[in-house]
Amino acid sequence: MTEKHLLSHGERLVLDGSSLTCDQLVAAVTHKSDVVLVEGGRDRIIRGRQVVEDVVANGTEGYGITTGVGSQKDFKVATENVQDYNRRLARAHATHAGGEVLPKSRVRAALIILANEFSHGLSGVSEPLVQLILDQINGAEMPEISSYGTVGAADLIPMSQIANWLQNLPAAQAHGIPGPKETLSLINTNAVTLAAGAEALVEARALLDLANLSAAFALEAFRGNLNAISVPVNRAHQRGGQAQASAEIRRLLRGSKLWEEGEARRIQDPLSFRCVSQIHGAVQELLDRATGVWDEELNSVTDNPIVDTEAQCVRSHGNMDSTRMTLSIDGLRQALAKALDIAGERLHKQQWREFSDLPTGFADENSPLGGVQFLNLGHLASSLITSIKIWAAPSLLLSVGQLADGVEDTASHALHSVADFERMLEAARLVLTIEIIVSVWAIQKRKLPVETLGEGLRDYALKIAPLLPIGREGLEVFSIEPIADILREGCSG
């Protein structure tokens, strides 16, 4: 297996079928890196293609090669009609329904995943088709592709639209593409789901950095008890994620006056402060697990059937099932929702006199004006957290009913899980931005000098504090977007 590494700007991506990662995929799409096939990949493709050609020549029964697909699996395709059948198969599955289309970068990522899958030589597609895909990755404007049409057992409709686009290119016509099985190989893949999930997982890593920063700010502003994130506390439990989250928050709070005896206001804080490393640690562990699942799936073959070059036959299977993908994202969404739920608790506790010892809502004394609550930031955060909880509901066990005349009687809804995850990520970023605004506001109310804050917080505090309308509340409409931009740049992964 090729050693995995991060792809730098200008570096080409070599597809070998075994070492593609989420980070490399996202970097390749972001930097528009050239994509090439590993040496030896073409030989594997050619050997796999020969098996398909032999199945057709011998009239052997092969699903989607000499037969129809889905509910039409028992009907044979005449040899003279193979190319027409493959063209019509792509067009028939490429139904447009309007609505949202995929970002062009995601279409390119799906093509990269497809080429990586084909490099195994197990799909039985022709070498000219793989080269056609590489040529489009490296030089073509991506087509508009629907974001609809997958239930988690191959991304049939969007991949059929991609297949139809490829097959109508002049180079495809010149090479007789599509040949036997080539449409089925192009559409029977989870490439769109994998592309979307890879982007979301890379973004989630940056979001977790922001969540740890937000927690550190909250502890600083609340004058929280740092025993909860101390090394001795973390030695008492075998939780790798918790230890990692605590270490990161301690790093951000290095040099803070809050570490000194008597600085913490309470012997024990509310659970939303005290349990932050445990909950963020759970997110970290599930994020690592989901990324591992995704990296494995990026290098797997879901195309059905696969070719067996040793036995010179094709074998039907269910590798397109996305249960493990959905499970990994379902769990991660719930963990993230829990982390945002306690962020909401903390930002309200900051404004609650009984907990913070600060004026309620940070308002001016004996005045109906002023403060965070006057700007309704708490309502905005609560609304976003409500949406996040709705989007956290698991997708795996949603019923799909009976498709393809009962042949397709189960599905895993991976793309639905990823789509809800993406919605959560943007809302989560806004919630954490609001919590940091509230914390910086509290720091200003407490008149804490910047040099007494944790070293990892000081630059952010210096940039954010002047943007807060303290003493000017209601004179202009306040926007959190400039602050969100500062935090996005600082926690960009």
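How far CD1 of I483 is from CG of L430: 12.0 Å, rounded to the nearest 0.5 Å. Between the CG atom in L184 and the NE2 atom in H93 there is a gap of 8.5 Å [rounded to 0.5 Å]. Summarising the geometry, atom CZ belonging to R205 is positioned 7.5 Å from atom SG belonging to C22; distances are rounded to the nearest 0.5 Å. Rounding to the nearest 0.5 angstrom, the gap separating the CG atom in L298 from the OG atom in S18 is 12.0 Å. Note: K389 NZ to K338 NZ = 8.5 Å, rounded to the nearest 0.5 Å. Going from atom OG of S328 over to atom CG of L286 covers 9.0 Å, rounded to the nearest 0.5 Å.
The number of heavy-atom neighbours closer than 6.0 Å to CD of E144, taken from other residues, nucleotides and ligands shown, is 12 or below. Counted within 6.0 Å of CD on Q173, heavy atoms from surrounding residues, nucleotides or ligands total more than 12; the atom is thus considered enclosed. Annotation for K32: atom NZ does not count as buried by contact number, only 12 or fewer foreign heavy atoms lying within 6.0 Å.
Side-chain contact, D321 with T323: a donor N or O sits under 3.5 Å from an acceptor N or O. T183 and Q167 share a donor-acceptor pair across their side chains, judged by distance under 3.5 Å alone. Counting only N and O atoms by type, the side chains of D16 and S19 include a donor and acceptor under 3.5 Å apart. Using a 3.5 Å distance cut-off with no hydrogens or angles, the side chains of S417 and R333 do pair a donor with an acceptor. Using modelled atom types and a 3.5 Å distance limit, the side chains of Q50 and D54 yield a donor-acceptor pair.
Between the side chain of T433 and the backbone N or O of R429, at least one donor-acceptor pair lies under 3.5 Å. Formation of a donor-acceptor pair under 3.5 Å by the N376 side chain with backbone atoms of H379 is not found in this model. Formation of a donor-acceptor pair under 3.5 Å by the N304 side chain with backbone atoms of H317 is found in this model. For the pair Q242 (side chain) and I279 (backbone), a donor-acceptor distance under 3.5 Å is absent. The backbone N or O of S146 sits less than 3.5 Å from a side-chain atom of Q161, completing a donor-acceptor pair. Without hydrogens or angle criteria, N188 side chain to D303 main chain gives no donor-acceptor distance under 3.5 Å. One N or O on the side chain of N190 and one on the backbone of M320 form a donor-acceptor pair closer than 3.5 Å. Side-chain N or O atoms of R315 include none that pairs as donor or acceptor with a backbone N or O of I306 at under 3.5 Å.
Partner of L194 under the side chain to side chain contact (heavy atoms under 4.5 Å, CB included) criterion, out of N116, T302, I112, I113: I113 alone. Here the options are I162, L114, L89, V125, the test is side chain to side chain contact (heavy atoms under 4.5 Å, CB included), and the partner is L186; only L114 passes.
In this structure, the salt bridge (Lys or Arg N to Asp or Glu O under 4.0 Å) partners of R106, at least two apart in sequence or on a different chain, are E199, E422.
Under a 4.0 Å N-O distance rule, the pair R346/E435 qualifies as a salt bridge. Here D84 does not pair with R87 in a salt bridge; the nearest charged N to carboxylate O distance is not below 4.0 Å. With salt bridges taken as basic N to acidic carboxylate O contacts below 4.0 Å, one links R488 and E426. A salt bridge does not link E285 with R239: every distance from a Lys NZ or Arg NE/NH1/NH2 to an Asp or Glu carboxylate oxygen is 4.0 Å or more.
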Starting from the C-alpha separation in whole Å, work towards a yes-or-no answer on side-chain contact (heavy atoms from CB on, under 4.5 Å) for M325 and S412. CA-CA 8 Å; M325 296 161 61; S412 303; over 6 Å; no
